[in-house]
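Indexing begins at 1, ligand by ligand and atom by atom, following the structure's order.
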Amino acid sequence: MPDDLTTVASAPLVDQFGRRVTYLRLSVTDRCDLRCTYCMAEKMQFLPKRDLLTIEELDTVARAFIERGVEKIRITGGEPLVRKGMPELFERLGSHLGRGLNELTLTTNATLLEQNAEMLVQNGVKRINVSLDSLDPETFTRVTRRGKLDQVLAGIDAALDAGLKIKINTVALKHENVSELPRMIEWAHGKGMDLTLIEVMPLGETGEDRIDQYIPLPMVRDQLEQDWTLHDVDAGLSNAGPSRYVQVEETGGKLGFITPLTNNFCAGCNRVRVTCTGRIYMCLGQDDHIDLRSALRDSEDPHQTLDACLNRALLKKPERHEFAIDRRGEDPSLPRHMSVTGG
Ligand code: SAM
Ligand code: SF4
């Protein structure tokens, strides 16, 4: 594979609906130190470590995508920071910044952020997403089934001190956090962080009833508008992906809404996901995938084989997702957890 990736983005990844893929979400592990009730079951069977792409393989996959015009990579999981070798991976990926890659970023639960914030900055990371569903220590521990809020808040402060920009992601949970959302939004905006609300998605068995957790975000927005003035931010200007943003007049900060169930956001989709075992999923809401790991491990010419895999994957990108929630709040066609595909 050539060294200078800027010279070779000759065959951009364009799907059959004319959408150009420029954004890769790369999962590095299915493991996590938390067990959020909407994401994982209490008892999880994690993959054997040998099934995971090695740090070197993750970099090879990333390079193949950058070579085909991917400009932004988000590292995700599971919890990416629990995997060994993250400093090496960020160093490798950071070296592609300015050479085809424009942005390297991370989604984390922030439990290990305090000790990793400087490492991220040193490798060119500028912005990260932190998932946080409550500022109440008891609710936080209940929702994550084991987390300690203090640890996460210390991680957030360390990252802000290190100069990282943070966006908070909060899953709206009918019985757990809806009443404290205004306080969370004020807290985030007070620290200069945007906050995005997410609707619970029907991904994988968690042992919980998702219908019971689910609250449609238009309903949450109506409630917020009783006290606040929300100004829609032009989608083109906000560069929002699946989020729709508003500016909250009273706090001066931005608030996003990700509404996969009430509002389909697929028309402008520019992203693909690669799991920690090297499967490309062209859509979070569908099970169709291509296996890059065997291409990497079994082929005599991994570069050419990877390229052919990307071409095949493009043909599989569907026009839109087809989430459907059954009576228990599961989508029977989507047995995999968000932590496997990479959130
Ligand atoms: N562990 C990291 C974290 O929590 O930020 C990264 C992986 S996590 C799977 C990525 C995002 O997916 C988190 O913001 C989490 O809240 C969200 N998520 C997980 N399962 C979900 C579900 N069923 N519905 C909606 N969001 C979900
Ligand atoms: Fe872990 Fe993130 Fe899933 Fe919570 S949402 S269990 S932190 S992977």
Side-chain angles (χ1 to χ4, degrees), residues 25-44 46-47 74-83 86 105-113 116 127-134 139-149 151-152 155-156 159 166-174 176-177 184 188 194-217 241-243 256-262 265 271 273-276 281 284-285 321 323 325 328-331 334-343:
R25 292 197 169 207
L26 184 57
S27 173
V28 297
T29 179
D30 62 329
R31 287 166 201 252
C32 186
D33 50 348
L34 304 182
R35 296 286 184 280
C36 301
T37 52
Y38 50 82
C39 178
M40 290 194 180
E42 170 86 58
K43 287 202 167 64
M44 289 292 289
F46 292 115
L47 297 163
R74 177 178 299 282
I75 299 301
T76 183
E79 173 46 44
L81 296 178
V82 302
R83 172 142 185 206
M86 282 304 97
T105 183
L106 164 79
T107 297
T108 176
N109 63 24
T111 57
L112 298 172
L113 190 53
N116 282 287
R127 305 189 297 175
I128 59 171
N129 288 356
V130 169
S131 306
L132 175 63
D133 301 324
S134 178
T139 310
F140 180 80
T141 302
R142 195 167 53 243
V143 170
T144 59
R145 295 203 188 95
R146 61 195 61 189
K148 294 198 172 50
L149 181 65
Q151 210 178 333
V152 169
I156 290 173
I166 299 183
K167 178 164 78 72
I168 301 289
N169 282 336
T170 303
V171 176
L173 299 164
K174 188 157 66 183
E176 295 287 10
N177 63 4
M184 291 189 71
D194 294 339
L195 185 146
T196 291
L197 296 170
I198 306 174
E199 282 176 349
V200 178
M201 287 179 258
L203 295 168
E205 178 66 57
T206 59
E208 304 278 333
D209 182 345
R210 281 221 178 76
I211 289 287
D212 202 40
Q213 297 177 323
Y214 173 68
I215 174 156
L217 287 185
S243 283
F257 296 90
I258 299 187
T259 54
L261 296 179
T262 52
F265 49 49
R271 61 193 61 190
R273 292 177 157 81
V274 172
T275 68
C276 54
Y281 283 94
L284 186 60
H321 75 66
F323 288 133
I325 288 195
R328 293 179 50 248
E330 305 297 340
D331 183 332
L334 287 175
R336 63 185 202 277
H337 293 92
M338 185 83 134
S339 54
V340 173
T341 323

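Ligand 1 has no nitrogen or oxygen under 3.5 angstrom from a nitrogen or oxygen of C32. Inclusion of T76 in the set of residues having an N or O under 3.5 Å from an N or O of ligand 1 is not warranted. At under 3.5 Å, a nitrogen or oxygen of Y38, whether backbone or side chain, sits near a nitrogen or oxygen of ligand 1. For the pair M201 and ligand 1, the shortest N or O to N or O distance falls below 3.5 Å.
At least one donor-acceptor pair under 3.5 Å links the side chain of R145 to the backbone N or O of R35. Counting only distance, with no hydrogens or angles, the side chain of D133 and the backbone of V171 share a donor-acceptor pair below 3.5 Å. Under the 3.5 Å distance criterion, the side-chain polar atoms of R83 are left unmatched by any main-chain donor or acceptor of T29.
Across C39, G78, P80, heavy-atom proximity to atom 3 (Fe) of ligand 2 is greatest for C39.
Of the heavy atoms in T107, both backbone and side-chain atoms come closer than 4.0 Å to ligand 1. Contacts between V130 and ligand 1, counted as non-hydrogen atom pairs separated by less than 4.0 Å, are absent for every part of the residue.
With sequence neighbours left out, E79 forms a salt bridge (Lys or Arg N to Asp or Glu O under 4.0 Å) with no residue at all. Residues satisfying the side-chain hydrogen bond (donor to acceptor under 3.5 Å, both in side chains) test with N129, not counting sequence neighbours, are none.
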